[in-house]
Every structure is written in C-alpha cells, then in structure tokens.
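Notes to accompany the following structure.
Hydrogens, waters and symmetry mates play no part in the numbers below; they use all other heavy atoms, side chains included.
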Amino acid sequence: MGTPREWILHVDLDQFLAAVEVRRRPELAGRPVVVGGDGDPTRPRQVVATASYEARAHGVRSGMPLRTAQRRCPDAVFLPSDRPAYDAASAEVMSVLRSFDVPVEVLGWDEAFLGVASDDPEAFAEQVKAAVVERTGLTCAVGIGDTKLQAKTATGWAKPGAVARLTRDEWFERLGDAPASDIWGIGPRTAEKLRALGIHTVLDLARTDHAELAATFGPTIGPHLRLLGLGGDDDPVRAEPRVAKGRSHEETFTTDLPDPADVRDRVDRMARGLVDEVAPEGRRVTHVAVKVRTASFWTRTRSGKLPAPTLDPAAVAAHALVVFDRFELDRPVRLLGVRVTFEEPASGSPPTDPGTAAGGEHQDAIRSTMEP
DNA sequence: TCTGGGGTCCTAGGACCC
DNA sequence: TCTGGGGTCCTAGGACCC
C-alpha cells in the first residue's frame, strides 16, 4: 500500500453572512436577503457586504451601494452587518474543519485551505461538507487541487454547495484560453499592464519569460505572476495561526465633517479606542497611521513611528495627532481612519522584560538603544 | 452605482551612513 | 572641483483580497 497523494482542499461557505442571518431567522429562508452597513438602504454611503442567492438573481452584488440594491430588489430584506455574530459562526466552522485532524489555514471569515493526504479527495470533501452542515447548519463548496490556486479556482466551479477538482494536468486545458484576469491574485491593474505587454490569456502568461515580467512588475511579483499562469506555486497549507500585524478602524461619515477641530478630536478618540481594544492582547504599538478622505475621494495616509513601543493610549493618541497635523486639511472630511502597527512578537518565547531579554531578542534591544 | 471596512504584501524613493 | 556605490531605515502608496 503506497502513500496517499497530497491534496489541497479549499472550503468556502455559501453566501456566508446571509446564511448566518437566515440560520437565526429561518423565516427568511428562500427570500432575498442583503447584509450590509446598518441595514437601512435609504441611507447613503453604505454598501452590500453579502447578498443571498435570491438577491443576486436580481443583480445585487457585493460592494454595491445599498440604495442601488434596494432599487434592483425592492422586496429584499435588509439587515445590518453583525460582526460578532459572523466571528462566532466562523469560529464554529473552523472548529469543525480542525476536527478532521489535518492542517487548516484560515483565509477569512468563510474560507480555509486544508492539507489532505487521500486517495479519494472527493470523498473527504463530502465528509467535510456533511460535518459542516450537520454541526453548524451552514453549507459550503469545496475545491480540490494540487495547489492553493487550483483548489480556490475549483471552488468557483463548485459553488454553491458542490465539490470540484482542478489538477495540474488539467490546468491549461481548462484555463489556458481564459483571460489572465480570471486568476486569483491578478486584479484589474495587473491585467491591464499584462495586456500592454501583449499578455492576454493564462497560457500567454505561462509562456512569458520571467525576466520580462520582473522588468515590469519587480523581482518578486514578476516571477510570481508567471507561477500563477502555470497554475500556482507549492506554498503549503500553514496551520499556524496568523499573528496580526496591526489593527485599524475607519469610518465614512454619513455627511462630511466640515470642522477640523471635530476631526482632530475624532482622531484622538479613535486612536485611544484602538489601543484599548488591543491592549489586552499585550501587543505594544510601534507605528500609527491616519487616513483621510475628502468629498472628492482624495485619499491620503500619513504615518509615523512612535519614540518607543507602548501600550499607553494617551501616547498613541498623541502621536496620531502629530501625524494628523501634518495634513493640510482645507476641505470637509468624508472618511477618517486610524491604524496601529504592532511590534514583532518575540519569536518562540513569551513577552520578556527588555532588561532580561536574551539571544536574538537581545540584539533588538541593543539596536533600539542605539537609535538617536 | 457616488463609491464600506479590515486586512496583507510589495515597491519606490528619500534620508542617512560608510 | 560635476560627483561612486552599497546598505538600511523610513514613509507613502499601489494592488489585491474577503
């Protein structure tokens, strides 16, 4: 008996936010449901987070203004976005996936990769689907591939609720003539640049010399694009939980804020609020950035490094204001955002007092004391 | 269709140093 | 005095994704 073949499975929940809402309000089943903003489609500056398939049938899409969604689907039920509920539902689902005792890499609220050694990956996928629906009441699609890109692409064919497979030897047969922009990771800007190089299809991309791509896209992205054209790289499923690099909040105001003093005050409050949120995790803040958008959609970010990493809300807020004051604002503000960046976690060991840090950490301590 | 919020990673260019 | 070359740190912005 040989070793079973290695597969990557991509699990993607169907219409996740809408499904979570329907699960707790079963009377909504079968109705068009639109989740987004505060759930009031008459208020501007709010967009659709997720539309149920019934709403999608009327042309409602993610990212569309709620007002437009209501125009397209007047009978839809509009619901406010309820993050804590989706966080909790996501945790339920991921827990079911982890119960299979395979590496699980969480991609977001409603997606994960699984690393599976099996001679019958479809059977495994069916077991996953069955377990998820039995234990959470939510349905999902599963894609199977040799790479993450292939698995993710197959999921697109499996939605909603089915299983599909795309392997290395079928890649060009099934995607060779497709536009390069069909590939996960190639957005509109990159697709446009590729077209300017005469690269239109996936096959074109796979045949392009990596040096040519590097010249246009840089030494990392260029060669990576070619790998995408070839069906993806061998990046493994990483079960280690991701450590957040930072945390941010931003808010688009229903009407623009004309008073700079008011805006400044909000920067202060947002910064303090962020640090209060993050402090229990013990991650000290090293940088703070402020984002501003005006009515014309002019959007800029300013950032700065704190004199020293800190958990003190007042210190972070003060620095946020220093950064904010570098804007020369003469117009009303549509959006305000604040982002904090955390220091690198001390690798492999719990947080240590700087005075007693050893080894690699000690080097960091030396370097930081040498800064002017 | 007047355009959300929360992330990640990469690149460019200036400052500064040797 | 016409001007090197490399390295690192830092900030701003681009691009993409869910």
- Message: Out of the candidates A/Val202, A/Asp146, A/Thr147, A/Leu230, only one should pair with A/Trp171 under the side-chain contact (heavy atoms from CB on, under 4.5 Å) rule; please name it.
- Response: A/Val202
- Query: Is A/Arg56 positioned over the aromatic face of A/Tyr53, cation under 6.0 angstrom from the ring centre and no more than 45 degrees off axis?
  - Reply: yes
- Query: Checking all strands, does A/Lys291 fall into the base, sugar-phosphate, or nothing category for heavy-atom contacts under 4.0 angstrom?
  - Reply: nothing
- Does one side chain, of A/Asp40 or A/Gln46, offer a donor that lies under 3.5 Å from an acceptor on the other? no
- Message: On DNA chain B, does the nearest nucleotide to A/Thr216 precede the nearest nucleotide to A/Gly63 from the 5' side, or the other way round? Give the residue.
- Response: A/Gly63
- Would you indicate whether the side-chain heavy atoms of A/Glu92 and A/Arg135 approach each other to under 4.5 Å? no
- Message: On the six-membered ring of A/Phe327, is A/Arg302 placed so that its NZ or CZ lies under 6.0 angstrom from the centre and within 45° of the ring axis?
- Response: yes
- Task: Using a strict 4.0 Å threshold on nitrogen-to-oxygen distance, state whether A/Arg264 and A/Asp268 make a salt bridge.
- Result: no
- Task: Give A/Phe16 one of three labels, base, sugar-phosphate or nothing, depending on what nucleic acid heavy atoms sit under 4.0 Å from its own.
- Result: nothing
- B/dT11 pairs with which nucleotide, Watson-Crick or G-U wobble, both distances below 3.5 Å? C/dA12
- Query: Do the ring planes of A/Phe113 and A/His10 sit parallel (below 30°), tilted (30 to 60°) or perpendicular (above 60°)?
  - Reply: tilted
- Query: With sugar-phosphate meaning primed atoms plus P, OP1 and OP2, does A/Gly337 contact a base, only sugar-phosphate, or nothing at under 4.0 Å between heavy atoms?
  - Reply: nothing
- Query: Does B/dT3 fall in syn (glycosidic angle within 90° of 0) or anti?
  - Reply: anti
- Message: For a quick check of understanding: with a heavy-atom distance under 4.0 Å over all strands, which category does A/Ala49 fall into, base, sugar-phosphate or nothing?
- Response: nothing
- Query: When we call it a touch if two heavy atoms are under 4.0 Å apart, what does A/Thr190 touch: a base, just sugar-phosphate, or nothing?
  - Reply: sugar-phosphate
- Query: Hey, does A/Trp184 reach any base, or is it just sugar-phosphate, or nothing, if we go heavy atoms under 4.0 Å?
  - Reply: sugar-phosphate
- Quick one: label A/Arg326 by what it contacts on the DNA or RNA (base, sugar-phosphate, nothing), any heavy atom closer than 4.0 Å. sugar-phosphate
- Outermost contacting nts on DNA chain B, any atom under 4.0 Å from chain A heavy atoms, listed 5' then 3', are B/dT1 to B/dT11
- Task: Would you mind classifying the nucleic acid contact of A/Arg302 as base, sugar-phosphate or nothing, using non-hydrogen atoms under 4.0 angstrom?
- Result: sugar-phosphate
- Message: Does A/Leu107 reach a base, just sugar-phosphate, or nothing at all? Heavy atoms under 4.0 Å.
- Response: nothing
- Could you pick out which residue, A/Gly222 or A/Pro44, lies toward the 5' side of DNA chain B when each is mapped onto its nearest nucleotide? A/Pro44
- Query: Which part of the nucleic acid, if any, lies within reach of A/Arg67 when heavy atoms closer than 4.0 Å are counted: base, sugar-phosphate only, or nothing?
  - Reply: nothing
- Item | Any-strand Watson-Crick or G-U partner of B/dC18, both distances under 3.5 Å | C/dG5
- Message: Classify A/Gly185 by what it touches in the nucleic acid, base, sugar-phosphate, or nothing, heavy-atom distance under 4.0 Å.
- Response: sugar-phosphate
- Message: Between C/dG4 and B/dC16, how far apart are the two C1' atoms, rounded to whole Å?
- Response: 16 Å
- Message: I want to check something: taking the side chain as every heavy atom from C-beta on, are A/Phe100 and A/Phe124 in contact at a cut-off of under 4.5 Å?
- Response: yes
- Could you check whether A/Arg83 gets within reach of a base, just the sugar-phosphate, or nothing at all, counting any heavy atom under 4.0 Å? sugar-phosphate
